[in-house]
Protein chains: 2
Amino acid sequence: MADVAKLAGVSSQTVSRVSNGHESVIPATRDQVLAAMRQLGYRPNSAARALRYGRFNTIGVILFSLASTGNSRTVEAIATHAAAEGYAITLIPVDVPTQDNVLGAFTRMGELAVDAVIVIMEIHLLDAATVTLPPGVYVVVVDSDAGDRYSVVDTDQADGARQAVHHLLGLGHETVWHVSGPETSFASQRRAQAWRSTLEAAGRPVPEPLTGDWSARSGYAAGLSLADEPGCTAVFVANDQMALGLLRAFHERGRAIPDEVSVVGFDDIPDSAYFPTPLTTVRQDFAEVGRRCVQRVLTQIREGQAAQPGTDLVPTQLLIRDSTATAPPVAETIAARKPKRR
Amino acid sequence: MADVAKLAGVSSQTVSRVSNGHESVIPATRDQVLAAMRQLGYRPNSAARALRYGRFNTIGVILFSLASTGNSRTVEAIATHAAAEGYAITLIPVDVPTQDNVLGAFTRMGELAVDAVIVIMEIHLLDAATVTLPPGVYVVVVDSDAGDRYSVVDTDQADGARQAVHHLLGLGHETVWHVSGPETSFASQRRAQAWRSTLEAAGRPVPEPLTGDWSARSGYAAGLSLADEPGCTAVFVANDQMALGLLRAFHERGRAIPDEVSVVGFDDIPDSAYFPTPLTTVRQDFAEVGRRCVQRVLTQIREGQAAQPGTDLVPTQLLIRDSTATAPPVAETIAARKPKRR
DNA sequence: CGCACGGAAGTTTACGTTAACATCACCGCC
DNA sequence: GGCGGTGATGTTAACGTAAACTTCCGTGCG
């Protein structure tokens, strides 16, 4: 900056004014400074700026993995909206979500150049965390029920599950089986709870749920056991990838979808319309989740204080495709199933 | 820091020494300082540190989209390895990959707090970019053939495609059809080129390739036209998602996989083992790509100068599952196909 | 007993930027 | 013609940290 000032024959303050677009610089001077900047390849030093302003214009994102569709799409939305507001995002991955690692991430984040933090993770992992973020760093959490303590943005998991179950019951199915995600996932828990309470509210029997780990592999395993389950004509699977595996298991066992069994997924990943049977599924609006995270966090930064705790639920939408159909008559179900038992 | 110093009854320099783990602090003093730090919730200010050291310990990643499996897995690997080296990563998404936007991203990156940049994008978009990064900021590029100008890390696309084609020819197929990715993608181009040259080297006819856009949707469309193609017994699809769509199209048209038609994909997304027919595919090692990017970039930072241009190719591996089989006898192919033409 | 030495802690300064204040020249008006 | 005002630019200081240098004190040795 001093070099630019010297070359342009002005003071460094004038260079600063030009680089910040102040108005009180006469055009001739401005042009000289700009020319000097170009010639010297000058770039403002963001560390010095951050030091001066006390802000970094950066939001930290702590997350477990980018591998899941949901996370990567949420992060992408966060990055896009943050960019639109002049904020960059810094990613802190936690490879194994133990408390120690999460703590470490927070500690590092505390030392990092961020103005606020978005946590995409089960908040349980933070419960015993004694580490506090530096005062003035704000937190928004996704995938959590800690709305009483944090500012939470999440998909309305419960309503999505409710829609799925209602859809299936409305098609005449006696009840709905469920393949859940891992127990450690809050999203999975809420989908399972809503599935159960919706069945109970309708006075239907509640079959024992199966537990998967979000992977197609675990969906396949669940599918193999459900295919042999007498009376199973409708399944609500907690995500699309598991539904893919389940579809294949049912196909292998000769259970026709949707004629014998109806299947509903969750997420609406781009592929699910091209599954062997185009999948009826509950669409999550990840982009909206990301948008609201950024909005919350920026509000906090601008107001200079943490937002009121509270949960902000993003609605879901049931997408009806070809994997659900009217329940088969009971007799037919039994007749069709019998020969397939092994 | 001054407050901590006052509370601990030492100078700020001693606080600095403690917070950097210097040895020349007597344990008693150190404990006092640590206690004061805890009491006051002191965190070192990273902006000031960056200003002092001239480094940010941050790597910028410019990319088009996180939506593709490959990108998000590469970014994840980058983040993980960078974290292991004490570096954070800052994400700069470019929503629409026009030159203007890429330029803008570079400009913003130039003003950002990063020591180096990894670009996950077609380098063509940068060709006309007159914007230069600040001197001392280093670039590594993924998905590019610009090894003569930049430091490039990429999957060995060509060899992967070659393996796929050889596998199919080895099973006795007369030739191999191809569904490529978009023409704007360098990865797609190289896979297509290698497919063509491998067929030519083997003296086989080269069918007209079909072009998709990586989506299952476009693979489905390609599958619908290939299903009617006489003599098509083997298809190399440029990614797994398109293969999923193609599988469905073939299934709808009654073309059995692998009995009538063999299919090979590319990527090895986690789902591909649970496609309706478990997919034979070329595995990309995204984690390794990410690792090498970080390694290259850190080498540059540490040596203080840009690396020699050059391309670093990460090998691929053919995973043989159930979607490929020996070519059917010609007569049978025709017999089986004929009734299905519409 | 005095002096050199070494370890612990303090002091000074610089990193690059910008807010706040100071200066200066020029303009218009009485 | 002097005086106040206004707009352009310069000067000073401060943001928080750490390297380099300085000071101080105790120890061991001749």
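Labels below follow one simple rule: chain letters A, B, ... track the order of the sequence lines, proteins then strands, and each chain is numbered from 1.
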**Request:** Using heavy atoms to find the nearest nucleotide of DNA chain D for B:L51 and B:Q13 separately, return the residue whose nucleotide is more 5′.
**Result:** B:L51
Under 4.0 Å between any heavy atoms, over every strand shown, what does [X] touch: base, sugar-phosphate, or nothing? Just pick one.
X	result
B:S24	sugar-phosphate
B:V15	nothing
A:V10	sugar-phosphate
A:S16	base

**Prompt:** If you look only at pairs with a residue in residues 292-301 of chain B, which of them pass as a side-chain hydrogen bond (donor to acceptor under 3.5 Å, both in side chains), with sequence neighbours excluded?
**Reply:** B:S151-B:R296, B:E288-B:R292, B:R291-B:Q295, B:R292-B:D312
**Asked** If you look only at pairs with a residue in residues 62-77 of chain B, which of them pass as a side-chain hydrogen bond (donor to acceptor under 3.5 Å, both in side chains), with sequence neighbours excluded?
**Response** A:S65-B:E76, A:E76-B:S65
**Item:** Given DNA chain C, 5'-ward residue of the pair B:R52 and B:E23, judged by closest heavy atom
**Value:** B:E23
**Request:** Let me know, please, whether A:S12 or B:A48 comes out on the 5' side of the other along DNA chain C by nearest nucleotide.
**Result:** B:A48
Side chains of residues 52-64 of chain B: which donor-acceptor pairs under 3.5 Å do they make with residues two or more places apart or in other chains?
{"unit_1": "B:R55", "atom_1": "NH1", "unit_2": "B:N57", "atom_2": "OD1", "d": "2.9"}
{"unit_1": "B:T58", "atom_1": "OG1", "unit_2": "B:F56", "atom_2": "O", "d": "3.1"}

Below 4.5 Å, heavy atoms only, C-beta onward: do [X] and [Y] meet side chain to side chain?
X	Y	value
A:L298	A:I301	yes
B:D267	B:F286	yes
A:D156	A:V314	no
B:D154	B:F186	yes
A:V75	A:I89	yes

**Item:** Sequence-distant partners of B:R38, salt bridge (charged side-chain N to carboxylate O under 4.0 Å, His left out), two or more places apart
**Value:** none
**Complete:** Residues passing the salt bridge (charged side-chain N to carboxylate O under 4.0 Å, His left out) test with B:D285, sequence neighbours excluded, are none
**With sequence neighbours excluded, residues passing side chain to side chain contact (heavy atoms under 4.5 Å, CB included) with B:T155** = B:Q157, B:Q284, B:V289, B:T316
**Request:** Could you list the residues that satisfy side chain to side chain contact (heavy atoms under 4.5 Å, CB included) with B:L40, not counting sequence neighbours?
**Result:** B:D3, B:V4, B:L7
**Request:** Using the heavy-atom set of chain A and a strict 4.0 Å cut-off, write down the first and last nucleotide of DNA chain D that makes it in, 5' to 3'.
**Result:** D:dA8 to D:dG16
Return a table of donor-acceptor pairs under 3.5 angstrom between the side chains of residues 22-35 of chain A and protein atoms on other chains or two or more places apart.
{"unit_1": "A:R30", "atom_1": "NH2", "unit_2": "A:H22", "atom_2": "O", "d": "3.3"}

**Rounded (10°) bend between the five-pair end axes of the helix from C:dC1-D:dG30 to C:dC30-D:dG1** = 60°
**Request:** Tell me which residues in residues 28-38 of chain A put a heavy atom below 4.0 Å from DNA chain D, sorted by number, or none.
**Result:** A:T29
**Message:** Students should find this one: the first and last nucleotides of DNA chain C, 5' to 3', lying under 4.0 Å from a heavy atom of chain A. What are they?
**Reply:** C:dG16 to C:dA20
